[in-house]
Amino acid sequence: MNLLFYISGLIAIISTFLVITRKSTVHALLYLIVSLLAVALIFFSLGAPFMAALEVIIYAGAIMVLFVFVIMMLNLGAQSAQQEAQWLTPGIWIGPSILTIILAIELIVLFATDPVRLYATNMIGPKQVGIALFGPYVIAVELASMLLLAGLIGAYHLGRPHKH
């Protein structure tokens, strides 16, 4: 169990480092998705399956769709079209695919080795999470939503064509 935690943590650190160092935005997004999946596996291995599911659904799903939407909104013209054609080459997907396959193997090992321990933990359901988010943490939730909205408006403002 500890080995799976450390491997997931290492994959999260490596993929997050690759997010920061990639020049291509799409490559960085691919590694960010791998990083978020690794964090979800860390949550799952620590006995928080609901948090793992939220990590995958909200961050690796919805937030990534938002990022891709912003990239599409910032259409950069002919250079962007040429770069999009290069994204379809198989070599670009090797790094994220290898890290994701390692995470999938870890998840299979986690289920195969000790399935009883996974269900023996105290489960926190959606109701308790909702009560916590919209109870004592409501200001933090609202601030996070305003921050995301400000980022989206800023990306639109920076990416819109300027009239001269």
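Everything numeric in this text was worked out from a predicted model, so none of it was measured.
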Can you list the residues that meet the side chain to side chain contact (heavy atoms under 4.5 Å, CB included) rule with [X], with sequence neighbours excluded?
{"X": "I33", "value": "L37, M64"}
{"X": "I98", "value": "I94, I102"}
{"X": "I105", "value": "I101, V109"}

Between [Y] and [X], is there a side-chain heavy-atom distance shorter than 4.5 Å?
{"X": "Y6", "Y": "L10", "result": "no"}
{"X": "L99", "Y": "Y31", "result": "yes"}
{"X": "L147", "Y": "L143", "result": "no"}

Which atom pair, heavy atoms only, marks the closest approach of [X] to [Y]?
{"X": "A12", "Y": "V39", "value": "CB-CG2, 4.4 Å"}
{"X": "E106", "Y": "L4", "value": "OE1-O, 2.6 Å"}
{"X": "L30", "Y": "P96", "value": "CB-CG, 4.0 Å"}
{"X": "I42", "Y": "S8", "value": "CG1-CB, 3.6 Å"}

F44 side, atom CZ; F5 side, atom CZ - distance, nearest 0.5 Å: 15.0 Å
L32 CG to R22 CZ distance, which is reported to the nearest 0.5 Å: 13.5 Å
Co-membership, hydrophobic cluster, residues [X] and [Y], 4.5 Å side-chain:
{"X": "L29", "Y": "L148", "result": "yes"}
{"X": "L36", "Y": "I13", "result": "no"}
{"X": "L54", "Y": "F134", "result": "yes"}
{"X": "L3", "Y": "I11", "result": "yes"}
{"X": "I139", "Y": "V141", "result": "yes"}

I'd like to check the side-chain hydrogen bond (donor to acceptor under 3.5 Å, both in side chains) partners of [X]; sequence neighbours left out, ordered by chain and number.
{"X": "E55", "answer": "none"}
{"X": "S15", "answer": "none"}
{"X": "T16", "answer": "S35"}

Just wondering, are more than 12 heavy atoms of other shown residues or ligands nearer than 6.0 Å to CG in L149? yes
